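Following: one structure in structure tokens, then a few remarks.
In this text the structure is predicted, and so the values were computed from the model without any measurement. Every chain is numbered from 1, with letters handed out A, B, ... down the list of sequences.
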Amino acid sequence: MALTKEQIAQRIARELKDGYYVNLGIGIPTLVANYIPAGIDVVLQSENGLLGMGPFPFEGEEDPDLINAGKQTITTVPGSAFFDSALSFGMIRAGKVDLTVLGAMEVSESGDIANWKIPGKMVKGMGGAMDLVASARNIIVAMVHSNPKGESKLLPACTLPLTGVKCVKKIVSDLAVLDVTPQGFRLLERAPGVSVEEIKSKTAGKLTVEGDIPEMKF
Amino acid sequence: MNKVVASADAAISDIKDGAVIMLGGFGLCGIPENCIAALVKKGIKQLTCISNNAGVDDFGIGLMLKQKQVKKMIASYVGENAEFERQLLSGELEVELIPQGTLATRCMAAGYGLPAIYTPAGVGTEVADGKEVRKFNGKEYLLEYAFEADYAIVKAWKGDTAGNLIYKETARNFNPMMATAGKVTIAEVEELVPAGELDPNGIHTPGIYVHRIFQGQQYEKRIEQRTIRKKA
């Protein structure tokens with residue numbers, strides 16, 4: 001069975017380490033905050049100007065001046081700090097943010113990512129994604145392995161306009177966990193009940209499979 | 001030094017067709033609602049707007065787009081506005097999409113007296129087209145120029161008659177660096193107090209950057225994505 005969005009987020013959350021400052025993108029990455037393992041203390045950065053993002057507010061406690069980068073109403077946790085957009089991207093460029101998790105439409109075997117534009121169809125803009133991928137020390141991509149037509153989104157080279165080059169370190173898709181290495185994608189784990197053969201057939205870019213590939217457990 | 005003007009109408013009275021205007025805010029959070037309403041009422045056209053987003057169809061900069069007052073939009077993300085998309089695809093509206101950190105830093109550069117900055121955002125992408133690339137310590141960076149804006153219009157939580165500003169929570173966002181970047185900077189605030197009442201230790205934007213200030217009225221503060229959790 002392919003992973004659900006929640007399971008993708010749950011698996012990514014296992015990559016969090018104590019003391020990390022983390023930026024979570026819009027969509028599946030936002031869900032990672034729901035699965036932070038017990039005993040792991042991380043600080044969530046929202047690039048519109050907050051360190052120490054907390055959960056959604058209780059009904060009636062929404063504050064229009066307090067939102068995240070997805071424009072959702074949020075809360076803060078003890079020890080939080082507000083700052084402006086220049087400082088926010090300053091700390092991102094300076095490598096202070098330990099991990100960035102974001103979505104992608106395509107990733108290439110060399111770690112290029114495309115997630116901001118489909119020419120002629122969708123023009124929403126890159127927001128902070130280009131800044132994040134150009135500077136983050138560690139980037140994990142949350143995505144589905146292939147499009148509804150069954151075509152792979154893990155490619156030899158991206159076909160859509162790029163967001164950044166040679167930056168993705170790890171991918172958690174609905175089918176697998178993969179590293180991006182100088183030799184292309186490397187399969188680390190597979191979704192429960194998903195075979196190595198299926199992952200191979202749905203990965204268009206170069207894929208290395210070494211030894212037994214464990215199933216993810218939830 | 002008293003920088004107080006009577007109203008949003010007075011604050012924007014000299015803005016003419018073709019002006020380049022920065023507008024603070026992230027989404028609908030921390031946007032200068034009163035000045036936008038005044039610009040819509042005044043009806044000036046051919047504007048170049050620099051703002052992280054373009055509002056929604058019926059609020060924020062979306063109100064100016066609806067009236068076709070905007071010639072060119074410089075932003076990082078415009079996904080919430082159908083009228084924007086229509087004008088863009090039909091060619092009525094010129095759009096320059098730039099990375100959010102680049103947008104912030106080009107504003108900052110203007111206020112810091114720096115003609116340009118180097119940033120890694122966009123290296124190897126279409127954002128880099130035609131731009132100078134320079135390598136520092138083995139990593140490539142793009143040369144990006146400071147913005148030149150005729151006006152910067154910002155929204156703050158509290159301000160004083162000397163133009164000092166304090167922002168609230170994430171409504172700060174682009175407002176401080178835009179405030180430093182306008183040839184003329186207009187600030188609307190929720191609460192305007194006499195000089196001396198704000199703690200100088202807590203000022204986010206020093207009054208030297210602000211030319212006109214007024215207390216705004218009837219803030220709607222619309223929420224774009226109301227997300228809540230249930231009480232256990």
**Asked** Is there a side chain to side chain donor-acceptor pair (under 3.5 Å) between A:Gln45 and A:Ser88 once you walk through the steps?
**Response** CA-CA 9 Å; A:Gln45 198 247 19; A:Ser88 181; 3.2 Å; yes
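Residue contact with chain B, scored on non-hydrogen atoms closer than 4.5 Å, involves the backbone of A:Thr163 exclusively. Contact of A:Ala69 with chain B is made through backbone and side chain together, with heavy-atom distances under 4.5 Å. Proximity to chain B (any heavy atom under 4.5 Å) is restricted, for A:Lys117, to the side chain, taken from C-beta onward. Contacts of A:Asp112 with chain B are absent, with no heavy-atom separation under 4.5 Å from either backbone or side chain. Both the backbone and the side chain of B:Glu224 come within less than 4.5 Å of a heavy atom of chain A. Interface remark: A:Phe82 contributes backbone and side-chain atoms alike to the contact with chain B (heavy atom separation under 4.5 Å). With a 4.5 Å cut-off on non-hydrogen atoms, B:Ile98 touches chain A through its backbone but not through its side chain. Contact of B:Val127 with chain A is made through the side chain alone, with heavy-atom distances under 4.5 Å. Looking at B:Asn81, there are no atoms closer than 4.5 Å to chain A (heavy atoms on both sides), in backbone or side chain. If you measure heavy-atom distances from A:Glu47 to chain B, the contacts under 4.5 Å come from both the backbone and the side chain.
Cation-pi geometry between B:Arg106 and B:Phe174 is not met: the NZ or CZ atom fails to fall both under 6.0 Å from the ring centre and inside 45° of the normal.
Ranked by heavy-atom pairs shorter than 4.5 Å toward chain B, the options A:Gly70, A:Ala81, A:Pro55, A:Gly60 are led by A:Pro55. The residue among A:Ile67, A:Val165, A:Leu87 with the most heavy atom pairs within less than 4.5 Å of chain B is A:Ile67. With chain B as partner, the option from A:Pro64, A:Ser85, A:Gly49, A:Ala134 having the largest number of non-hydrogen pairs under 4.5 angstrom is A:Ser85. Ranked by heavy-atom pairs shorter than 4.5 Å toward chain A, the options B:Glu126, B:Met108, B:Arg222 are led by B:Glu126. For chain B, the option among A:Pro161, A:Pro57, A:Ser80 with the highest count of heavy-atom pairs below 4.5 Å is A:Pro57. Taking B:Asn173, B:Val78, B:Val123 one by one and counting their heavy-atom pairs under 4.5 Å with chain A, the maximum is reached by B:Asn173. Most heavy-atom pairs under 4.5 Å with chain B: of the set A:Lys71, A:Glu59, A:Lys166, A:Met130, this distinction falls to A:Lys71. Note: A:Asp65 leads A:Leu50, A:Asp65, A:Thr75 in heavy-atom pairs under 4.5 Å with chain B.
In this structure, the side chains of B:Asp150 and B:Thr48 stay at 4.5 Å or more apart for every pair of heavy atoms. Within the 4.5 Å cutoff, the side chain of A:Pro29 has no heavy atoms near those of the A:Val141 side chain.
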Can you give each donor-acceptor pair under 3.5 Å made by side-chain atoms of residues 202-211 of chain B, sequence neighbours left out, with the distance rounded to 0.1 Å?
from, atom 1, to, atom 2, distance (Å)
B:His204, ND1, B:Tyr167, N, 2.9
B:His204, NE2, B:Arg172, NH2, 3.3
B:Thr205, OG1, B:Tyr167, OH, 2.7
B:Tyr209, OH, B:Gly111, O, 3.0
B:His211, ND1, B:Thr185, N, 2.8

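The environment of A:Lys5 atom NZ is sparse: at most 12 non-hydrogen atoms of other residues, nucleotides or ligands sit within 6.0 angstrom. Few gaps surround CD on A:Glu151; more than 12 heavy atoms of other groups in view lie less than 6.0 Å from it.
Annotation for B:Leu63 and B:Gln69: closest pair O-OE1, 4.4 Å, computed over non-hydrogen atoms. The two residues A:Ile139 and A:Leu132 come nearest to each other via the heavy atoms CD1-O, 4.3 Å. Taking every heavy atom of both residues into account, A:Ile36 and A:Val42 meet most closely at CD1-CG2, 3.6 Å.
Taking OG1 of B:Thr105 as the start and OH of B:Tyr118 as the end, the distance is 15.0 Å to the nearest 0.5 Å.
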